[in-house]
Protein chains: 4
Amino acid sequence: MEAGFIGLGQMGRAIAANLIRAGHRLIVWNRSPGPVKELAALGAQAAGRPADAAHGEVLMSMLPDDETLRSVLMEQGVLESAGRGLVHVNLATVSVSFARELARLHRERGLGYVAAPVFGRPEVARDAKLNIVVAGDSASVARVAPLLQAIGQRIWPVGAEPERANVVKLAGNFMIASALEAMGEAVALARAHGLDGAEFLKILTSTLFASPVYQGYGQLIGEQRYEPASFRLRLGLKDVRLALHAAEAVHVPMPLASLLRDHLLEALACGDGDRDWAAVARLPLRHAGLE
Amino acid sequence: MEAGFIGLGQMGRAIAANLIRAGHRLIVWNRSPGPVKELAALGAQAAGRPADAAHGEVLMSMLPDDETLRSVLMEQGVLESAGRGLVHVNLATVSVSFARELARLHRERGLGYVAAPVFGRPEVARDAKLNIVVAGDSASVARVAPLLQAIGQRIWPVGAEPERANVVKLAGNFMIASALEAMGEAVALARAHGLDGAEFLKILTSTLFASPVYQGYGQLIGEQRYEPASFRLRLGLKDVRLALHAAEAVHVPMPLASLLRDHLLEALACGDGDRDWAAVARLPLRHAGLE
Amino acid sequence: MEAGFIGLGQMGRAIAANLIRAGHRLIVWNRSPGPVKELAALGAQAAGRPADAAHGEVLMSMLPDDETLRSVLMEQGVLESAGRGLVHVNLATVSVSFARELARLHRERGLGYVAAPVFGRPEVARDAKLNIVVAGDSASVARVAPLLQAIGQRIWPVGAEPERANVVKLAGNFMIASALEAMGEAVALARAHGLDGAEFLKILTSTLFASPVYQGYGQLIGEQRYEPASFRLRLGLKDVRLALHAAEAVHVPMPLASLLRDHLLEALACGDGDRDWAAVARLPLRHAGLE
Amino acid sequence: MEAGFIGLGQMGRAIAANLIRAGHRLIVWNRSPGPVKELAALGAQAAGRPADAAHGEVLMSMLPDDETLRSVLMEQGVLESAGRGLVHVNLATVSVSFARELARLHRERGLGYVAAPVFGRPEVARDAKLNIVVAGDSASVARVAPLLQAIGQRIWPVGAEPERANVVKLAGNFMIASALEAMGEAVALARAHGLDGAEFLKILTSTLFASPVYQGYGQLIGEQRYEPASFRLRLGLKDVRLALHAAEAVHVPMPLASLLRDHLLEALACGDGDRDWAAVARLPLRHAGLE
């Protein structure tokens, strides 16, 4: 297929490369030129302006937050110049309220809108092993399926309202953050009783908790290795905040999410905003006077 | 080997049966006679009093809490009548302070003491697939290894001080409770946005969280099936409390454990004490007015 | 002085009446006509549109939230038609970020802006006993002082940046909510041990906590009398949320505020949104199975 | 009256001195001899052993914790040698479960037991202005009333079961700790927005929160003056823990008390255990990177 692709950060780059490898023709745009060149070397065409990426049948975007996506779509004219019938596949994590607004804005212009947030760190994206949660009208979803199959190991459809995919993504990230906090507190307890943190986590993450999240992050926490960041703590804070907003809108208290927000905020205030968000596991040690 | 076995609850029964199946000779005792008969039918010898189970080389016990174990060992004369050189293997979850006291009491009488708390629900015990965390002096641990190998899939040694094994067990149970809370809050968020709770959990527990704890408990929470209990909520509350005590003793704040304690206590106050502790996941729904 | 007054809710009505009694000439506007007639009967002039209240030297406003104030000032043309040199005195609780924006918007148009949020329930406003926290440039503050003196028992200046007054107000409301939670949990503990809630609170609020907040709200909580609302719970939730936002903007975690937000949200979900916010004290009883 | 008095710490010394000043005859005991000499200089008789203080009609005690009181009463023979009919007045804060046990132990020996925990810092004790919460059988309470009147400004009877007075005391201390946390978080918010912490607290504690607890502790927090301690943080942690235990026994979750426990524990771990417990207000500043 022919598709535009906007947003070539760590994740976007890996995904776009896999689309090219799978034989799709991409026209790509990014704020800074480096990643554009990188993709061009693989066969992508470079778009001069974001709007130039919106003339095909599909536009994919992977931008870091609501504000950036809003600016690109609205102020830089992407929505305005998009060809009728184009389907926009948003791979990024956005707020539930913005997802609802985006669905409306696309519908009003006769454009399709598919929310397709992904689970997986950059190396998972590189291996085309992402898990993709998809929501949107079934015709649009069917049309973009070949693209999604090229970048993920499995597609999880969750209905026609796009914001539902974002709810799943935000709830999932909340669950990851909960696991970080749980491991952080457990390690503090274990270390204060003379155990080695990495050995302690090894036992749990080889058995009851033998899953990608616990093993991957467990290793970072056990080794206290928080740089370079696969997912920066300040973005993690943003996602937990979005989960809290989505919950507040439907009157759901999430006290564990509140606790995570406070701890991520503290970690940010103490200088860990650009480290991996696993660094939130440092707080229990610091609060116990162990760091 | 010849071994005594005290405490034939759901877990103890399954473990003792596997020891017999592996060819060990057991003399068993239990407060109520039913389980004793059950084991006798498999070939065990019945002890008239707990002390009668303490005349061999090894005594294993699986009793529900500190108070019961203290009563059996001290008031019912087990420690007093134990043969010199006997090694006591405690398979149960006890408090860290009692573990330390037990180590001392056994040492003073020339007895060995091995803490060997197990991870796994009754069906795991039945399949002899428990994960066993072991701590104690190396000679004692070596002597009881054949017994432990007969009941578990893997033994995780964590040092010579018995209480360390209990720290690992309590920290592990804290991590399980954290997972229950995280799933409970995430499901409340998802359901309030129109998603099906079981389908939502399916996505996460098939991917990022594909591990025994998340899959097993995720199914209970998704189906809201909290009876019969594999692990009763009031025992889960006890273990979280023990984790908090062990942490307080070494000045480690565990705010997530505090949150879990409060929620388990609320669930208990609201009548779920004898349901599976996964029932703590009902609270976020109730607090959101969804139950 | 001559002044416009916009927003005649419970608080606004009481304040405006005191201004008239003190000899000031008011031109008043309100969305619904009832309160306008009430004030007209006391001698106020009725404005046909909000902008008509902005032609004198001073405009006072007491509107319930950021959105309403924004709509009145911007969409209904108040700022546009305000006479050069007018000083706008905002008596309401707004967000810190909106306070900053308001200061800029007024400055750009050559208008003065004074933040003057008030502490006190409607009956305190009626008695002209409000405590008024004031921030703004000193010339503007000096000009409106006669008006403020007519409605409050004391004026507390906190500097030239208007948002500072809002920070004090939000921090103060957070402290009130904290007191509600503390009394609620303490009463649950006392009642579960057989004490009478009202008698228990009487002891504390007559001694260590003999202050308006504890005595006023202590009486409501002791008598479990949450209607009619002096301050509706949904507005209290809004203010705690604004405090959390103001704190997040400067990287200050406020875990107690997070706890209050979650509890107020739960109370809202369970149907207490239009009761007095003291009704948040019902939760600890409900969580203990006592209600 | 003639009375024994055991425990001459800061509080006990001040109280005993007032009893002597009021004309009562005291026989006093303390672990270390300094305070005994001090009281002897005022006219008290010195007891060689604690039991020697238990021969009159009344014994008052003011000991720091359950363990010390238990040791003095049981191991050092006070209960054993107490004259039949003696009434023991316990002025200290003990656990609810120990209060119940003490009531039983005294009853079994034909002794009276009155729980009379006091509210007030040492300077309040010196001025005989304590608030005394009293519970016990009415005959015993009536007998010791003259002593209590000599040391406090008001006596608050709460029934016949002694532990009720302890519940009130623990709930009151929990409320004080809540106020410390609320002020600490509010000051962090205010300071991060450029306000002066002491000036900010001045506004609130002169108005809505004009009460002894907020004014006294507000001054310490505003000035960040945590030494010397009027009430040591490690004792405050003990009392919050006792409140949590008393609540857990009757299935009452107290999430704010849990938060306070965690923060006091963190403050202890970070070296503030012997500072005034108002030092818990340092944490919000530290967590915001402001200290």
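The sequence lines fix the lettering, A, B, ..., with proteins before strands; numbering per chain opens at 1.
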| said: Using a 4.5 angstrom heavy-atom cutoff, name the option from C/Phe119, C/Phe209, C/Phe174 with the most pairs to chain D. | reply: C/Phe209

| note | Counting heavy-atom pairs under 4.5 Å with chain D, the top scorer among C/Leu260, C/Val96, C/Thr207, C/Leu285 is C/Thr207

| message | Using heavy-atom distances under 4.5 Å, tell me whether C/Thr205 contacts chain D through its side chain, its backbone, both, or neither. | response | neither

| Have D/Asp66 and D/Ser95 got a donor and an acceptor in their side chains that come within less than 3.5 Å? | yes

| query | When only pairs under 4.5 Å are counted, which of D/Gly194, D/Gly172, D/Ala179 shares the most heavy-atom pairs with chain C? | reply | D/Gly194

| Residue selection (most heavy-atom pairs with chain D, distance under 4.5 Å) from C/Val133, C/Asp196, C/Ile176 | C/Ile176

| query | In terms of heavy-atom pairs under 4.5 Å with chain D, which of C/Gly159, C/Ala246, C/Gly289 leads? | reply | C/Ala246

| field | Top contributor to chain D interface from C/Leu208, C/Val252, C/Val250 [non-hydrogen pairs under 4.5 Å] | value | C/Leu208

| task | Sort out for me which residue in D/Arg232, D/Arg121, D/Arg282 forms a salt bridge (charged side-chain N to carboxylate O under 4.0 Å, His left out) with D/Asp276. | result | D/Arg121

| said: Side chains of C/Tyr217 and C/Trp277: any donor to acceptor distance under 3.5 Å? | reply: yes

| message | With a 4.5 angstrom heavy-atom cut-off, is it the side chain or the backbone of C/Ile203 that approaches chain D, or both, or neither? | response | both

| query | Any side-chain heavy atom of C/Ile151 sitting closer than 4.5 Å to one from C/Leu91? | reply | yes

| Any side-chain donor paired with an acceptor under 3.5 Å for D/His287 and D/Glu185? | no

| said: Please classify the contact of D/Val187 with chain C as side chain, backbone, both or neither, using a heavy-atom distance under 4.5 Å. | reply: neither

| Which value, rounded to the nearest 0.5 Å, describes the distance between D/Leu170 atom CG and D/Asn173 atom CG? | 7.0 Å

| message | Keeping D/Asn18 on the side-chain end and D/Ala125 on the backbone end, is there a donor-acceptor pair under 3.5 Å? | response | yes

| field | Residue C/Leu256 versus chain D: region with a heavy atom under 4.5 Å | value | both

| task | Can you tell which part of D/Leu204 gets under 4.5 Å to a heavy atom of chain C, answering side chain, backbone, both or neither? | result | side chain

| task | Return the option, out of C/Gly184, C/Ala249, C/Pro255, C/Gly216, with the maximum number of heavy-atom pairs under 4.5 Å with chain D. | result | C/Pro255

| Going by atom types only, do C/Asp272 and C/Tyr226 share a side-chain donor-acceptor pair under 3.5 Å? | no

| Interchain contact, D/His193 with chain C, by part (heavy-atom threshold 4.5 Å) | both

